[in-house]
Amino acid sequence: MGTDRGTDTGRGRFDVPEVDAFTRPYWDAAAEGRLLVRRCGGCGRAHHYPREFCPHCWSEDVTWETASGLATLYTWSVVHRNDLPPFGERTPYVAAVVDLDEGPRMMTEVVTEVEGEALGVQEALRVGMGLEVAFRKGVPVFRPRGGSRTAVRASME
């Protein structure tokens with residue numbers, strides 16, 4: 001994890017949390033391009049954000065599990081103004097809530113560009129569309145499944 005996770009030219013960053021001993025496996029996996037969730041050994045349900053106990057049954061028998069990286073769009077909002085660094089440089093962006101295939105609901109961003117190719121995703125978003133995880137500087141974000149214009153066009157049909 002480089003310094004880009006903690007500060008931005010001396011100003012505080014608001015787009016990433018502080019990494020601690022408990023969340024380090026999550027952020028290390030994200031840096032490798034893997035999304036982790038926590039799975040409860042008591043009730044069997046997965047949850048996200050990472051916690052040391054199950055929010056469903058309160059069991060402390062929880063472990064890390066690699067998620068599929070697949071999700072469906074639950075809701076979203078296009079943000080046109082945000083004065084907190086580094087969000088102002090990203091506007092407009094899509095703040096979203098997605099349902100991971102493993103069950104948990106997750107707050108994230110739906111990206112509108114993949115490897116420099118504009119997807120036009122803001123116009124194509126719809127509740128229930130399929131998404132897949134992508135990573136921007138070790139932070140999970142989501143894009144239309146397939147990550148291409150073809151996937152966006154297909155989601156509109």
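Crowding of R45 atom CZ: a count of heavy atoms from other residues, nucleotides or ligands under 6.0 Å not exceeding 12.
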Exercise. Would M107 and Y49 satisfy side-chain contact (heavy atoms from CB on, under 4.5 Å), going step by step from the backbone distance to the final call?
Worked result: CA-CA 9 Å; M107 292 184 68; Y49 64 92; over 6 Å; no
Problem set entry | V111/R136 under side-chain contact (heavy atoms from CB on, under 4.5 Å): CA gap, chis, key distance, verdict | CA-CA 9 Å; V111 294; R136 181 179 54 223; 3.9 Å; yes
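By the 4.5 Å heavy-atom criterion applied to side chains, L131 and L70 are not counted as neighbours. Two residues are said to be in side-chain contact when any heavy atoms from C-beta on lie closer than 4.5 Å; E65 and T63 fail this criterion. Taking 4.5 Å as the limit, some side-chain heavy atom of M106 sits within range of a side-chain heavy atom of F142. Side-chain contact check for V37 versus L100: some heavy-atom pair is nearer than 4.5 Å. No side-chain heavy atom of V110 sits under 4.5 Å from any side-chain heavy atom of V141. For the pair V98/T72, no side-chain contact is recorded, criterion being any heavy-atom separation below 4.5 Å from C-beta on. By the 4.5 Å heavy-atom criterion applied to side chains, L35 and F135 are counted as neighbours.
The distance between the ring centers of H48 and Y26 falls below 6.0 angstrom.
F53 contributes atom CZ, which lies 9.0 Å from atom CD of E60 (distance to the nearest 0.5 angstrom). Here the CH2-SG distance, from W58 to C43, works out to 12.0 Å after rounding to the nearest 0.5 Å. From E32, atom CD reaches atom OG1 of T66 across 9.5 Å, with rounding to the nearest 0.5 Å. Note that the OG1 atom of T23 and the CH2 atom of W64 stand 7.0 Å from one another [nearest 0.5 Å]. Distance check, rounded to the nearest 0.5 Å: CH2 of W27 to CG of L36 gives 10.5 Å. To the nearest 0.5 Å, the span separating NE2 on H47 from SG on C40 amounts to 8.0 Å.
Residue V127 is not grouped with residue Y74 when hydrophobic side chains (ILVMFWY) are merged at heavy-atom distances under 4.5 angstrom, including chains of intermediate members.
The minimum heavy-atom distance linking P92 with H80 is given by the pair CB-ND1, 3.8 Å.
R24 forms no cation-pi arrangement with F22, by the criterion of a distance under 6.0 Å to the ring centre and an angle within 45° of the ring axis.
Taking a cutoff of 4.0 Å between a charged side-chain nitrogen and a carboxylate oxygen, E52 and R38 do not qualify as a salt bridge.
At least one donor-acceptor pair under 3.5 Å links the side chain of R145 to the backbone N or O of A71.
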